[in-house]
2 protein chains.
Amino acid sequence: MPAAILSREEILARLADTFRQRGYDGASLADIAKATGLGKSSLYHYFPGGKEEMATGVLAALSEQLEAGLFGPLAGPGVPARKLGRMLDTLDGFYNGGRNACLLERLAASADRSPFQRPLHAMFERWIGAMAALCREAGIPAATARARAEDAVVRIEGALVLSAGTGDHRPFGRALTAIRRSLLAPPAP
Amino acid sequence: MPAAILSREEILARLADTFRQRGYDGASLADIAKATGLGKSSLYHYFPGGKEEMATGVLAALSEQLEAGLFGPLAGPGVPARKLGRMLDTLDGFYNGGRNACLLERLAASADRSPFQRPLHAMFERWIGAMAALCREAGIPAATARARAEDAVVRIEGALVLSAGTGDHRPFGRALTAIRRSLLAPPAP
DNA sequence: GTCTATAATAGGATAGAC
DNA sequence: GTCTATCCTATTATAGAC
């Protein structure tokens with residue numbers, strides 16, 4: 001029987017998995033065809049710009065998903081501490097407790113990252129901005145809020161690098177715990 | 001006139017640059033030949049195992065350099081705070097203020113990282129261990145020392161990822177400053 | 001040790017049938 | 001939309017002369 005026909009969202013999800021696991025330069029069209037179950041020609045039907053358009057398409061889709069599932073809720077109703085907790089739980093699942101790499105990091109590590117630089121910059125900024133706004137909502141001064149939000153993203157990305165490099169994913173859990181405890185803490189006097 | 005003959009150390013240094021800039025999958029033999037000024041056959045003369053042996057050779061050389069220039073001094077004579085400051089200054093230069101990527105991260109992000117997993121694990125552990133020992137020398141309890149050292153490596157790696165992703169290298173400087181202030185601080189009571 | 005030349009394969013991309 | 005077949009280039013790696 002013929003392979004199940006995938007929706008564009010499903011195709012993008014499988015592309016994202018492939019790029020996340022193998023990186024941009026490490027993911028060949030053969031890898032991508034296998035992961036999606038599509039032939040090369042079908043892939044070029046969806047993405048006439050080839051591999052580069054596949055990656056930028058994945059980034060655009062991820063941006064929407066993060067907005068809906070991660071950043072948006074941070075600005076919605078609820079107590080800041082609880083909203084932070086939910087975001088960190090979501091991230092823990094998203095990165096599978098530190099076992100999964102970060103797609104943003106993988107694309108930032110491409111030999112030619114220029115096609116991804118602009119969306120990557122926007123997404124990192126959005127992420128930091130959303131957490132900084134949460135800090136301000138919790139009464140933290142703007143400058144401190146921004147610094148803490150940046151530090152949280154830094155810790156998450158760094159913990160994923162360390163986890164991948166050592167094969168031990170526990171640093172990721174510890175980083176999440178550290179963020180949970182420190183991000184919204186009252187500033188030192 | 002013929003190209004200058006490079007020492008093995010110099011060859012390894014140029015290989016390291018290439019892998020650091022382009023990643024393992026993104027660095028082709030043509031890139032490597034150009035960076036070293038050597039033909040492919042000369043490269044295979046030095047590294048019969050091909051690209052993979054080049055990368056493991058680079059890791060081995062880097063390990064020695066870090067031992068001599070970074071980790072060793074941490075265990076040598078001097079006040080802990082001053083030794084920490086020197087290490088961070090060295091790192092700041094090594095990463096060119098956040099403009100350079102980390103070779104360990106780049107190799108950890110290869111599609112097939114299995115040949116590098118063991119040395120990467122050892123090098124990250126050595127780095128964390130050296131900083132933890134410095135913390136203990138400053139009177140910090142072992143468990144806290146280990147956690148802080150891990151957090152420092154996490155912050156450095158994460159700041160490099162964020163700097164590469166956004167094209168703004170300032171987060172790296174801020175991360176170094178945060179480590180400078182917090183790593184050896186007296187533990188909270 | 002380094003070179004030129006070349007093998008053998010994998011890579012990205014396209015054509016045209018269905 | 002998807003397939004098979006194909007093109008062309010880049011890629012890794014080797015052979016053999018100097």
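Using a 4.0 Å cut-off between charged side-chain N and carboxylate O, A:Asp17 and A:Arg14 make no salt bridge. For the pair B:Asp89 and B:Arg180, the salt-bridge criterion is met [side-chain N within less than 4.0 Å of a carboxylate O]. We find that A:Asp151 and A:Arg146 are not joined by a salt bridge, their nearest charged nitrogen and carboxylate oxygen being 4.0 Å or further apart.
To the nearest angstrom, C1' of C:dT2 lies 15 Å from CZ of B:Phe47. For B:Tyr46 and D:dA13, the OH to P distance is 19 Å, given to the nearest whole Å. Protein atom CG of A:Leu38 is 7 Å distant from nucleotide atom P of D:dC3, rounded to whole Å. Rounded to an integer number of Å, the gap from NZ of B:Lys51 to P of C:dT9 is 19 Å. A:Glu53 has its CD atom 11 Å from the P atom of C:dT14, to the nearest Å. A:Ile32 has its CD1 atom 17 Å from the C1' atom of D:dT2, to the nearest Å. Between A:Leu29 atom CG and D:dT6 atom C1' the separation is 15 Å, expressed in whole Å. Rounded to whole angstrom, the span from the NE2 atom of B:His45 across to the C1' atom of C:dT2 amounts to 9 Å.
Between D:dA13 and B:Tyr44, a contact under 4.0 Å exists linking OP1 or OP2 to a side-chain N or O.
Looking at heavy-atom distances under 4.0 Å, A:Ser42 makes contact with a base. Heavy atoms of A:Ala33 sit nowhere under 4.0 angstrom from any nucleic acid atom. Residue A:Lys40 is in base contact, counting any heavy-atom pair closer than 4.0 Å across all strands shown.
Closest to the side chain of B:Ser41, from the set D:dG16, D:dT4, C:dA13, is D:dG16.
Looking at B:Lys40, its side chain never comes within 3.5 Å of a backbone N or O of B:Ile32 through a donor-acceptor pair.
Enclosure of atom CZ in B:Arg86 is not indicated, since only 12 or fewer non-hydrogen atoms of other residues, nucleotides or ligands lie within 6.0 angstrom.
Annotation: proximity of residues 14-26 of chain B to DNA chain C (heavy atom, distance under 4.0 Å) is found for no residue.
B:Ser110 and B:Asp112 form no side-chain donor-acceptor contact under 3.5 Å, judged by distance and modelled atom types alone.
Applying side-chain contact (heavy atoms from CB on, under 4.5 Å) to A:Met123 and the options A:Leu62, A:Leu103, A:Ile128 leaves one that passes, A:Leu62.
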